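Scroll down for the structure; my scribbles are underneath it.
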Amino acid sequence: MEKIAGVRTRKPINWSDMTFSVVNYTLLTILLIITIYPFYYIFIYSISDSFQAQSGVFLWPAGFSLESYRATLQLNGLQEAAVVSVLRTIVGTILTVLCCSFFAYLITKREMPLRKLIYRFVLITMYFNAGFIPWYLTMKAYGLQNNFLLYVLPTALSGFNIILIKTFIEQLPPALEESAKIDGAGYFTIFTRVIFPLSTPIIATIAVFAALGQWNTWFDNFFLVENPNLQTLQLVLYNFLNQSNSISSMSAAEMTNSAEVRTMTPQSIQMTITMLVTLPIVVVYPMLQRFFVKGIMMGAVKG
């Protein structure tokens, strides 16, 4: 309502703005549902009765059963594998953040010998990959077979992460570093006291990338680790999933001797494993999400 010369008049409706808002909110709502529903579907399937769920679930669980969670959580070595995965994620993420950030800071220094050549080598690693066999032979040559360092050392440096951090650091005001040098600070002190604290957005972004990669990876464990005490959670669950698939193909006589087959199906086990593996990341990601967009945008403005 608008008041003109003591008379109230109704503000005309802007139909174009209203149409845009309706269409915009409708599309965003549809996109939200498309994004969230798959995860919701996995959740309701995992808590449904295994055999009732085979006929389909949509909005509500088909029956209710936590048998698949019980069987999965009681796997031999699951607790030890979870500890290994958590340690791998924490140590690997910290090492990746520290190594990539300090390396990126060094190649921003013009006085560093062969700075441009080293940076070009970093770029090359983003476009060329030697393949599985050279990777396998290299890891064995370095003595990383059946070694926890296999999980964290090869990922300590990443070309993509280094480029993002380097670009972010170059956008910081040079006066900050110059004033620290006047006070007698060296490169390491400047990095730890000035550069690193100011790079929180991009550091949080790199931490998310590194944590996701470490948590989801099982490839190196599968090919280079035979020690059961070093198995990761993902590999244990992968083996259990293969076992459930093989059990489901047994004959009827064999199936009667398996209590697990009578209470679970491979589909319910797949959904349960997906929930167990995804849930930790779903919990951690929102804590760092507020840094994520700012860091990825500021670290990608110029290369």
Side-chain angles (χ1 to χ4, degrees), residues 85 88-145 147-172 187-188 191 195-196 198-225 232 234 277-278 281 284-285 288-289 291-303:
S85 289
R88 169 181 186 163
T89 302
I90 294 175
V91 176
T93 300
I94 294 174
L95 190 64
T96 298
V97 167
L98 293 179
C99 292
C100 288
S101 58
F102 191 62
F103 188 91
Y105 171 67
L106 289 179
I107 59 178
T108 62
K109 303 295 102 186
R110 297 184 180 276
E111 56 269 27
M112 178 180 175
L114 304 177
R115 178 177 68 95
K116 292 185 178 180
L117 179 63
I118 294 174
Y119 185 58
R120 290 191 177 97
F121 273 113
V122 171
L123 294 177
I124 289 174
T125 63
M126 297 179 59
Y127 299 100
F128 296 96
N129 192 317
F132 170 72
I133 294 178
W135 170 83
Y136 180 82
L137 295 176
T138 301
M139 295 301 105
K140 290 191 67 176
Y142 284 143
L144 296 179
Q145 188 175 20
N147 192 329
F148 180 81
L149 294 178
L150 170 70
Y151 298 146
V152 297
L153 282 186
T155 57
L157 290 177
S158 166
F160 179 72
N161 295 341
I162 290 171
I163 292 173
L164 288 180
I165 301 174
K166 172 183 176 293
T167 305
F168 188 94
I169 292 175
E170 288 176 340
Q171 296 176 13
L172 296 176
Y187 288 119
F188 186 76
F191 172 75
I195 302 299
F196 194 83
L198 293 175
S199 304
T200 301
I202 194 64
I203 294 300
T205 303
I206 300 305
V208 171
F209 288 153
L212 283 172
Q214 291 289 356
W215 180 259
N216 292 325
T217 301
W218 59 272
F219 186 80
D220 45 9
N221 187 187
F222 183 79
F223 286 103
L224 283 167
V225 177
T232 60
Q234 286 69 22
V277 172
T278 307
I281 296 298
V284 172
Y285 181 81
L288 300 175
Q289 191 268 343
F291 298 107
F292 188 81
V293 176
K294 181 180 178 182
I296 197 67
M297 291 299 294
M298 294 186 67
V301 172
K302 57 182 180 178

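Only heavy atoms go into these numbers, but all of them, side chains included; no hydrogens, no water, no symmetry mates. These numbers were taken from a predicted model, which means no experiment stands behind them.
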Worksheet item: Would a 4.5 Å heavy-atom cut-off, applied to side chains only, mark Ser199 and Ile165 as touching?
Response: no
Practice prompt. Count the heavy atoms belonging to other residues, nucleotides or ligands that lie under 6.0 Å from CD1 of Ile133, then report whether that count exceeds 12.
Written response: no
Worksheet item: How long is the span from the OH atom in Tyr142 to the CG atom in Leu149, to the nearest 0.5 Å?
Response: 13.5 Å
Discussion item. Could you measure the distance from the OG1 atom of Thr205 to the CZ atom of Phe209? Nearest 0.5 Å is fine.
Written reply: 6.5 Å
Worksheet entry | Shortest non-hydrogen contact from Thr108 toward Ala104 | CG2-O, 3.1 Å
Item to complete: Name all residues meeting the side chain to side chain contact (heavy atoms under 4.5 Å, CB included) criterion together with Val277; count only those two or more places apart in sequence or in a different chain, and write none if there are none.
Response: Trp215, Asn216, Gln234, Leu237, Ile273
Discussion item. So, taking the atom named CG in Leu123 and the one named CD1 in Ile118, what distance separates them when rounded to the nearest 0.5 Å?
Written reply: 12.5 Å
Discussion item. Using only atom types and a distance under 3.5 Å, with no angle test, would you say the side chain of Ser101 pairs donor to acceptor with the backbone of Leu98?
Written reply: yes
Worksheet item: For Ile195 and Leu172, what are the C-alpha separation, side-chain angles and deciding distance, and is it a side chain to side chain contact (heavy atoms under 4.5 Å, CB included)?
Response: CA-CA 8 Å; Ile195 302 299; Leu172 296 176; 4.1 Å; yes
Discussion item. Within the structure provided, determine whether Asp220 and Met139 are in side-chain contact (heavy-atom separation under 4.5 Å).
Written reply: no
Worksheet item: Do you know the tightest heavy-atom contact between Leu198 and Phe168?
Response: O-CE2, 3.6 Å
Fill in: Closest heavy-atom pair and its distance - Leu150, Leu144
CB-O, 3.3 Å
Worksheet item: From Thr217 OG1 over to Phe222 CZ, what is the distance, rounded to the nearest 0.5 angstrom?
Response: 14.5 Å
Worksheet entry | Residue Lys140 excluded, over 12 heavy atoms near NZ under 6.0 Å | no
Discussion item. Donor-acceptor pair, distance only, cut-off 3.5 Å: does the side chain of Thr125 make one with the backbone of Val122?
Written reply: yes
Item to complete: Take the angle between the ring planes of Phe219 and Trp135 and call it parallel below 30°, perpendicular above 60°, tilted in between.
Response: tilted
Fill in: Nearest-0.5 Å distance, CG of residue Leu224 to CG of residue Asn147
10.5 Å
Worksheet item: Can you tell which of Arg115, Lys166, Met112 makes a side chain to side chain contact (heavy atoms under 4.5 Å, CB included) with Leu106?
Response: Met112
Worksheet entry | Check: Tyr151 main-chain N/O paired with Gln214 side-chain donor or acceptor under 3.5 Å | yes
Worksheet entry | Residues, nucleotides or ligands: over 12 heavy atoms within 6.0 Å of Phe223 CZ | yes
Fill in: Distance under 6.0 Å and angle within 45° of ring axis: Lys109 vs Tyr187
no
Worksheet item: Are any non-hydrogen side-chain atoms of Val152 and Phe148 less than 4.5 angstrom apart?
Response: yes
Discussion item. How long is the straight-line distance from CG of Asn221 back to OG1 of Thr232, given to the nearest 0.5 Å?
Written reply: 4.0 Å
Output side-chain donor-acceptor pairs under 3.5 Å for residues 156-164, partner residues at least two apart or in another chain, one line each.
none

Worksheet item: Is the number of heavy atoms from other residues, nucleotides or ligands within 6.0 Å of CZ (Phe132) greater than 12?
Response: yes
Worksheet item: Does any non-hydrogen side-chain atom of Phe188 lie less than 4.5 Å from one of Phe102?
Response: yes
